[in-house]
A.B. asks: 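Attaching a single structure in structure tokens format; questions to follow.
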Amino acid sequence: MESRRQVGVDAVYVPNHFEVHLHPGDLARIQPVQHTARRDAVRYVVRTAERKGFAFAGPVEVELVADAALERGSLSVRATFREEVPSFDKHVQTARYGGPLRFDPESALASNPDLEEATRLFALGQDPTGQEANGWLEVHGEDGNVQRFPLVPGRAYTIGRSEESDLRLTDARVSRRHARLVHEDGAWWIEDLQTTNGTRKNGAFIRRERLQHGDELSMGRVVMRYTEMPSRR
């Protein structure tokens, strides 16, 4: 990471994507805990960069790769820059609601009387079933559009590539059943469903974490932000 750092105008940037090559036998040995190993590696890289004042051009990623050319007990690391900004627009399909929701919730009804029913209901703080939502997953697309998926207390939502998912993501790096959102004790929780590429919250791999307003969730190349619905009185 340090040997490949680049000096920018406002910061010193270091690689954010790391391929850790291991002998296939070594990789097989850590297979049962590879999710934890990758998560801890990401945390270590982030802590090291923060301590030294370095910046990243994108999310930190660690991949474990089998390499038969290596000897048992040895490893090699390839560090590269990946500054691609994940695009939610081309990877998201809301299977239950018929398509991405694109609108400004404060002005949608006034500016477009012909909105589809799902969008109209959500602008009123409801999902398409008519139930009231208390938050949403949100992404600001590269074209300036905002896509929102409403979250209704008392329900659970699955996220993944499967057509059965409540929130369907078509990114190939997303598992068929990737994550689940549940509402417990007045808060939303995100659970990773033991996926290959993992689920990240604010850049760190997680298994099950409570969501707070503004948290960023990453699955594959898709990035979502959790937003709490302002209470209406």
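Hydrogens, waters and symmetry mates are skipped; everything else that's a heavy atom, side chains included, is used.
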A.B. asks: Decide yes or no for Pro153 and Asn134: does some side-chain heavy atom of the first lie under 4.5 Å from some side-chain heavy atom of the second?
C.D. replies: yes
A.B. asks: Are Leu193 and Met219 joined in one hydrophobic group, where the rule is that I, L, V, M, F, W and Y side chains link up if heavy atoms are under 4.5 Å apart?
C.D. replies: no
A.B. asks: Should we count CZ of Arg208 as having more than 12 external heavy atoms under 6.0 Å?
C.D. replies: yes
A.B. asks: Testing the basics here: between Phe149 and Leu167, what is the closest heavy-atom pair and its distance to 0.1 Å?
C.D. replies: CD1-CD1, 3.8 Å
A.B. asks: Kindly indicate, with the supporting measurements, whether the criterion side-chain contact (heavy atoms from CB on, under 4.5 Å) is fulfilled by Leu211 and Leu181.
C.D. replies: CA-CA 10 Å; Leu211 293 179; Leu181 283 164; 3.7 Å; yes
A.B. asks: Looking at residues at least two apart in the chain, or sitting in another chain, which of them share a side-chain hydrogen bond (donor to acceptor under 3.5 Å, both in side chains) with Thr36?
C.D. replies: Arg207
A.B. asks: Kindly write out the residues that satisfy side-chain hydrogen bond (donor to acceptor under 3.5 Å, both in side chains) with Asp67, not counting sequence neighbours, or none if the list is empty.
C.D. replies: His21
A.B. asks: Starting from Phe81, walk the hydrophobic network (Ile, Leu, Val, Met, Phe, Trp, Tyr; side-chain heavy atoms closer than 4.5 Å) and list everyone else you reach, by chain and number.
C.D. replies: Tyr13
A.B. asks: Going by the rule side chain to side chain contact (heavy atoms under 4.5 Å, CB included), which residues pair with Asp26 if we only count those two or more places apart in sequence or in a different chain?
C.D. replies: Leu22, His23, Arg72
A.B. asks: Could you give the distance from CZ (Arg200) to CG (Leu217), rounded to the nearest 0.5 Å?
C.D. replies: 10.5 Å
A.B. asks: Test Glu2 against Phe54 for side-chain contact (heavy atoms from CB on, under 4.5 Å), laying out the working first.
C.D. replies: CA-CA 9 Å; Glu2 293 187 63; Phe54 297 148; 3.7 Å; yes
A.B. asks: Taking atom CD of Gln212 as the centre, does the number of heavy atoms from other residues, nucleotides or ligands within less than 6.0 Å exceed 12?
C.D. replies: no
A.B. asks: Passes side-chain contact (heavy atoms from CB on, under 4.5 Å), Glu163 versus Arg168? Steps please.
C.D. replies: CA-CA 7 Å; Glu163 293 184 359; Arg168 186 184 179 204; 3.7 Å; yes
A.B. asks: At their closest point, which heavy atom of Gln31 faces which heavy atom of Gln34, and how far apart are they?
C.D. replies: NE2-NE2, 2.7 Å
A.B. asks: Of the options Thr199, Thr158, Asn197, which is the one that meets His178 in a side chain to side chain donor-acceptor pair (under 3.5 Å)?
C.D. replies: Thr199
A.B. asks: Hydrophobic cluster mates of Trp189, side-chain heavy atoms under 4.5 angstrom, ILVMFWY only, any path?
C.D. replies: Val182
A.B. asks: Look at the side-chain heavy atoms of Ile, Leu, Val, Met, Phe, Trp and Tyr, link any pair under 4.5 Å apart, and say whether Ile190 and Phe205 land in one connected group.
C.D. replies: no
A.B. asks: Would you check if the side chain of Ser162 reaches a backbone N or O of Glu164 as a donor-acceptor pair within less than 3.5 Å?
C.D. replies: yes
A.B. asks: Mind checking ring pair (Phe, Tyr, Trp, His ring centres under 6.0 Å) for His183 and listing every partner two or more places apart, or none if nothing turns up?
C.D. replies: Trp188
A.B. asks: Under the side-chain contact (heavy atoms from CB on, under 4.5 Å) criterion, do Asp192 and Thr195 qualify, and how do the steps go?
C.D. replies: CA-CA 7 Å; Asp192 179 79; Thr195 59; 2.7 Å; yes
A.B. asks: As a test of understanding, state which of Val42, Thr80, Val77 forms a side-chain contact (heavy atoms from CB on, under 4.5 Å) with Phe18.
C.D. replies: Val77
A.B. asks: What residues form a side-chain hydrogen bond (donor to acceptor under 3.5 Å, both in side chains) with Arg180, not counting sequence neighbours?
C.D. replies: Glu191
A.B. asks: So, do Val152 and Tyr157 sit near enough that their side-chain heavy atoms are less than 4.5 Å apart?
C.D. replies: yes
A.B. asks: Looking at residues at least two apart in the chain, or sitting in another chain, which of them share a side chain to side chain contact (heavy atoms under 4.5 Å, CB included) with Ala66?
C.D. replies: Pro24, Leu27
A.B. asks: Could you list the donor-acceptor pairs under 3.5 angstrom formed by side chains in residues 58-65, with sequence neighbours left out?
C.D. replies:
unit_1	atom_1	unit_2	atom_2	d
Glu61	OE1	His17	ND1	3.0
Glu63	OE2	His17	NE2	3.4

A.B. asks: Tell me, please, which residues at least two apart from Glu71 pass side-chain hydrogen bond (donor to acceptor under 3.5 Å, both in side chains).
C.D. replies: none
A.B. asks: Which pair of non-hydrogen atoms, one from Val45 and one from Phe56, has the smallest distance, and what is that distance?
C.D. replies: CG1-CZ, 3.8 Å
A.B. asks: What pairs with Arg47 under side chain to side chain contact (heavy atoms under 4.5 Å, CB included), at least two apart in sequence or on another chain?
C.D. replies: Arg43, Tyr44
A.B. asks: If hydrophobic clusters are built by linking Ile, Leu, Val, Met, Phe, Trp and Tyr wherever their side-chain heavy atoms come under 4.5 Å apart, do Val222 and Leu151 end up in the same one?
C.D. replies: yes
A.B. asks: At what distance, to the nearest 0.5 angstrom, does CG of Asn16 lie from CE of Met1?
C.D. replies: 11.0 Å
A.B. asks: Kindly write out the residues that satisfy side chain to side chain contact (heavy atoms under 4.5 Å, CB included) with Glu216, not counting sequence neighbours, or none if the list is empty.
C.D. replies: Asn202, Ser218, Val223, Arg225
